[in-house]
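Input: a single structure, listed below in structure tokens.
Each ligand, and each atom within it, is numbered from 1 in the order the structure gives. These numbers were taken from a predicted model, which means no experiment stands behind them.
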Amino acid sequence: MPAVNDPTDLPWWRHAVVYQVYIRSFADSDGDGVGDMPGITSRLPYLRDLGVDALWITPFYTSPQRDHGYDVADYRDVDPLFGSLADADAMLARAHELGLKVIVDLVPNHTSDQHVWFQAAIASPPGSPERERYMFRDGAGPDGDEPPNNWPSVFGGAAWTRLTEPDGTPGQWYLHLFDSTQPDLNWRNPEVGDELVDILRFWLDRGVDGFRVDVAHGLFKAEGLPDTVLRDPDEDAPASMVEAAGVDEPMWDQPEVHEVYRRWHEVLAEYDDSEVGPRMAVAESWARTAEAIARYVRPDELHQSFNFHWLSAPWSAEAFADVVTETLASLAPVGAVPTWVLSNHDVVRHVTRYGGGAQGLARGRAATLAMLTLPGSAYLYQGEELGLAQVDVAPEDRTDPSWFRTKDTAKVDIGRDGCRVPIPWGGDAAPYGFGPAETGEQPWIPQPDDWAGLSVEAQTGAEGSTLEFYREALRLRRTFAETAGTDVEILPGAPDLLVLGRGDVVCVLNAGTTPAALPAEARELLLSSGDDPDGTLAPDTAAWFRRA
Ligand code: GLC
């Protein structure tokens, strides 16, 4: 069987479609209601047949799961909930056999409070080398009972928690930009940087193809930890990372962080010659401006950065065109390839963002087709190929720390559980083939009772299904993505039309409310996200054409 990633002149990641596997909710091999590593392995042929080039797996390391794996207790092992190191090795080997690349998640900004370093820190006195690995400070106010500064946690509440010292007295405070179980590391301590490089090497030696760098704009905090300017002093939590990145803040995007990525670049480059092929890293950097984000992908730093502007653009041809133009313009000076994404495990699924129902789905499919036209890499989130919408998870079933930290406050954040519901593979009722549990037994987040028609089984071979649409789009994308170069033209068209020209493919998206005349370049229809155009293109639809 030919490898999916045939060797070419361009490194694979420059034009890859990467499928995000949220491990807890992808496939459960043992019936405990939580997805796992053998579950992923068993479904790799599905990903190969879907037509993606790579998978990115969210954290599967030893963790108390307070933030579902983004609280790592041991970076060099697999949590028993998900399997073992041997299971991870088997998954990697099978993926490579099928021609799929594997990107793993790296969490360098913080550890779990159960990490041996943090346990040692709280058992050691203030000022000790153990405490120097984290951000411990004395409290403010006469008794030290106020937090050292006014920083809010992204998940709500203050970013500081006070320790009780081993002798029972109130002690120092530690910084956690996320949950109180996720203490921030002290990146001004060289031991931290060395440890993370060692962890990189541990996974590179096992053969991973790349890393997704969690909170890549975090790590360093401004010297002296000055107060930040709170946007709304009555509400102490930003609504999301998007909002959190809205202004210059002393906890994000500090210049020193780029030294770290230069060092990682060297480490990744060292592994380029091996059998596995070029390695890469993609940054989750919610930095304030396009220029600030571009700094993470300078030629000697990380290879890619998520571009969340496509995801946050409103449903408008002009807005989409602006995002394309601005993205390419910001990356051109550093020579980096763009990335595009509509959904991930932190945001409301795009079908729902676009209004839900039939219209939300139609728009989601259209936006996907436009995204797949663009140069660079596209990141898909598990379940979007099934057209899944956000699930309204009942309060008693919510598990996200941002829900627990805000539910009794003025600014309630219901959390991200609604986009993390285990995906349906087949069958008429929960768990819809997600795992071998008894029919009717719900996985870790309950699945809706109307998902039977959305399962992989139900959509496979079904004409017009979202799954078959994705398969066809990815198959066609392979015919041009690699050879069409790094440019895309924004061509003129009727108002509300987005017309993208890439190589000999033209994508037309109608963001208006009435059928629109097709531009002259749209010659032979290749694929439509909705009804086939017949002289005009229906609203909420996009189509690919061979270019005249
Ligand atoms: C990133 C992850 C998110 C996690 C947070 C803290 O934003 O995508 O899921 O909660 O970092 O690690």
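Residue pairs meeting the salt bridge (charged side-chain N to carboxylate O under 4.0 Å, His left out) criterion with at least one partner in residues 150-163, sequence neighbours excluded, do not occur; the list is empty.
Contacts with ligand 1 closer than 4.0 Å are made by side-chain heavy atoms of Arg416 only, the backbone lying farther away. Heavy atoms of Phe155 found under 4.0 angstrom from ligand 1 belong exclusively to the side chain.
Each of the following atoms of ligand 1 lies closer than 4.0 Å to a heavy atom of Glu284: 1 (C), 7 (O), 8 (O).
Side chains of His96 and Asp209: a donor-acceptor N/O pair is present below 3.5 angstrom, by distance only. Defined by atom type and a distance below 3.5 Å, a donor-acceptor pair is present between the side-chain atoms of Ser285 and Ser305. Side-chain atoms of Trp286 and Glu284 include a donor-acceptor pair closer than 3.5 Å.
Under 4.0 Å is where a charged nitrogen must lie from a carboxylate oxygen, and between Asp194 and Arg263 at least one such pair does.
Look at Arg420 and you'll find a heavy atom under 4.0 Å from some atom of ligand 1. By the 4.0 Å heavy-atom criterion, His110 is counted among the residues contacting ligand 1. Ligand 1 lies within reach of Arg212, whose nearest heavy atom is under 4.0 Å from it. Contact annotation: Trp286 has no heavy atom less than 4.0 Å from any atom of ligand 1.
Residues meeting the ring pair (Phe, Tyr, Trp, His ring centres under 6.0 Å) test with Trp444, sequence neighbours left out: His68.
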